[in-house]
Amino acid sequence: MKTEPDVFSIHDLRRKGRSAWDGVRNYTARNFMKDDMAVGELVLFYHSNATPPGVAGVAKVCSKSYPDPTQFDPKSEYYDAKSKIDAPRWWLVDVEFVEELATFLPLPLLRETRALADMVLLRKGMRLSVQPVSKPHFKWILRAGGASTKP
DNA sequence: GCCAACGTTGGC
DNA sequence: GCCAACGTTGGC
């Protein structure tokens with residue numbers, strides 16, 4: 001899951017403990033949250049639009065998917081007038097803090113790592129803010145980042 | 001700040 | 001259903 005650290009960083013998640021992953025307004029990313037993420041599943045926490053960008057930590061899915069409440073709030077920047085209470089367009093999950101990586105893994109390092117050559121994150125033009133990570137890639141990142149989390 | 005890549009919108 | 005125009009993401 002990608003987030004801009006200026007907006008919401010791994011430290012913000014550690015401080016809050018858990019957070020609703022609201023504001024996602026891309027259908028493909030939404031579908032992953034709505035249909036594919038199970039409670040207890042581990043998540044890589046990626047800092048985008050940072051210098052450098054990279055994987056900063058580990059989180060965990062801690063709710064089933066439910067409609068993103070910000071879509072119904074006219075005062076929210078994520079308000080969607082086309083969304084109806086009985087037919088929500090946008091869904092999310094809650095995530096909880098697991099750990100910050102002992103070693104931040106910057107994007108250039110990931111790019112030069114052969115074991116990650118076919119990682120979704122590294123594909124040309126990939127912009128999805130919620131995307132799948134294969135088990136081998138996940139394990140490599142936990143190990144390289146000095147994580148204590150077991151996959 | 002630039003711009004490539006991609007997604008969405010809306011006219012037809 | 002097509003596709004041009006536009007908006008957004010996000011690395012650099």
Side-chain angles (χ1 to χ4, degrees), chain A residues 1-16 18-37 41-61 63 65-134 136-147:
Chain A
M1 294 175 118
K2 296 185 195 173
T3 172
E4 302 190 18
D6 291 349
V7 179
F8 190 80
S9 72
I10 188 71
H11 301 119
D12 294 320
L13 184 62
R14 176 166 56 202
R15 181 156 30 80
K16 287 183 64 179
R18 63 184 282 166
S19 176
W21 206 261
D22 59 14
V24 171
R25 293 296 179 266
N26 170 284
Y27 287 104
T28 306
R30 175 205 68 178
N31 290 345
F32 282 122
M33 289 199 287
K34 182 171 183 290
D35 303 324
D36 296 333
M37 296 178 78
E41 188 173 350
L42 292 174
V43 170
L44 294 179
F45 196 101
Y46 180 86
H47 282 176
S48 62
N49 251 322
T51 36
V55 181
V58 184
K60 185 192 284 188
V61 177
S63 80
S65 62
Y66 62 95
D68 181 341
T70 64
Q71 71 195 302
F72 304 122
D73 178 3
K75 292 191 291 293
S76 170
E77 61 175 314
Y78 303 122
Y79 177 63
D80 184 343
K82 294 178 182 166
S83 213
K84 300 288 170 260
I85 289 280
D86 54 353
R89 297 174 119 194
W90 307 113
W91 294 66
L92 51 66
V93 294
D94 293 351
V95 299
E96 66 181 34
F97 177 80
V98 174
E99 67 174 321
E100 180 177 5
L101 291 186
T103 307
F104 178 84
L105 297 175
L107 182 59
L109 173 71
L110 305 180
R111 286 204 185 283
E112 70 190 21
T113 300
R114 297 192 60 178
L116 304 179
D118 56 349
M119 189 174 181
V120 174
L121 175 73
L122 306 178
R123 284 186 198 154
K124 190 175 162 77
M126 171 49 64
R127 300 181 315 183
L128 272 185
S129 63
V130 180
Q131 59 180 249
V133 180
S134 75
H137 296 157
F138 208 108
K139 282 184 173 174
W140 189 94
I141 284 170
L142 289 182
R143 174 184 288 266

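By convention in this document, chain letters (A, B, ...) are assigned in the order of the sequence lines, proteins followed by strands, and residues within each chain are numbered from 1.
Note on A:Arg123: nothing from the nucleic acid sits closer than 4.0 angstrom, heavy atoms only.
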Given ring pair (Phe, Tyr, Trp, His ring centres under 6.0 Å), test A:Tyr27 with A:Trp91 step by step and report yes or no. CA-CA 10 Å; A:Tyr27 287 104; A:Trp91 294 66; over 10 Å; no
Do A:Val95 and A:Phe45 pass the side chain to side chain contact (heavy atoms under 4.5 Å, CB included) test, and can you show the C-alpha distance, the side-chain angles, and the key distance before you say yes or no? CA-CA 10 Å; A:Val95 299; A:Phe45 196 101; 5.5 Å; no
5' to 3', nucleotides 5-11 of chain B under a 4.0 Å protein heavy-atom cut-off (B base, S sugar-phosphate only, - none) gives BBSS---
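Side-chain atoms of A:Glu99 never come within 3.5 Å of backbone atoms of A:Ala147 as a donor-acceptor pair (strictly under, hydrogens ignored). Judged by distance alone, the side chain of A:Asp73 and the main-chain N or O of A:Thr70 form no donor-acceptor pair under 3.5 Å.
At a threshold of 4.0 Å, the pair A:Asp80-A:Arg89 counts as salt-bridged, since one of the basic side-chain nitrogens sits closer than that to a carboxylate oxygen.
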